[in-house]
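A short write-up of the structure that comes next.
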Amino acid sequence: MATCGYICPKCDGKGFLEENLADCDWCKKPTIEVEKVEVEITDEEWIKAVHEKNCCAD
């Protein structure tokens with residue numbers, strides 16, 4: 001969609017293609033996929049992170 005004054009030449013700023021209503025592949029914002037990594041921490045590290053940092057109870 002046109003948010004900066006630029007009008008996409010393929011979809012005229014609508015954000016979708018009229019022939020199949022799919023997202024416009026010309027002006028669609030690029031996305032990236034990030035792999036989720038789980039890290040185990042010790043109880044001591046968890047307690048320190050929870051109780052020695054800012055929290056909503058402060």
Problem set entry | Min side-chain heavy-atom separation Trp26-Pro9 under 4.5 Å |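 Yes - at least one pair of side-chain heavy atoms lies under 4.5 Å apart.
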Problem set entry | Smallest separation among heavy atoms of Ile7 and Gly13, with atom names | CG2-N, 4.0 Å
Listing, residues 33-44 side-chain donor-acceptor contacts under 3.5 Å, not counting sequence neighbours, or none:
{"residue": "Thr42", "atom": "OG1", "partner": "Glu45", "partner atom": "N", "Å": "3.1"}
{"residue": "Thr42", "atom": "OG1", "partner": "Glu45", "partner atom": "OE1", "Å": "3.3"}

Problem set entry | Any residue meeting side chain to side chain donor-acceptor pair (under 3.5 Å) with Glu18, in chain and number order, not counting sequence neighbours | Lys14
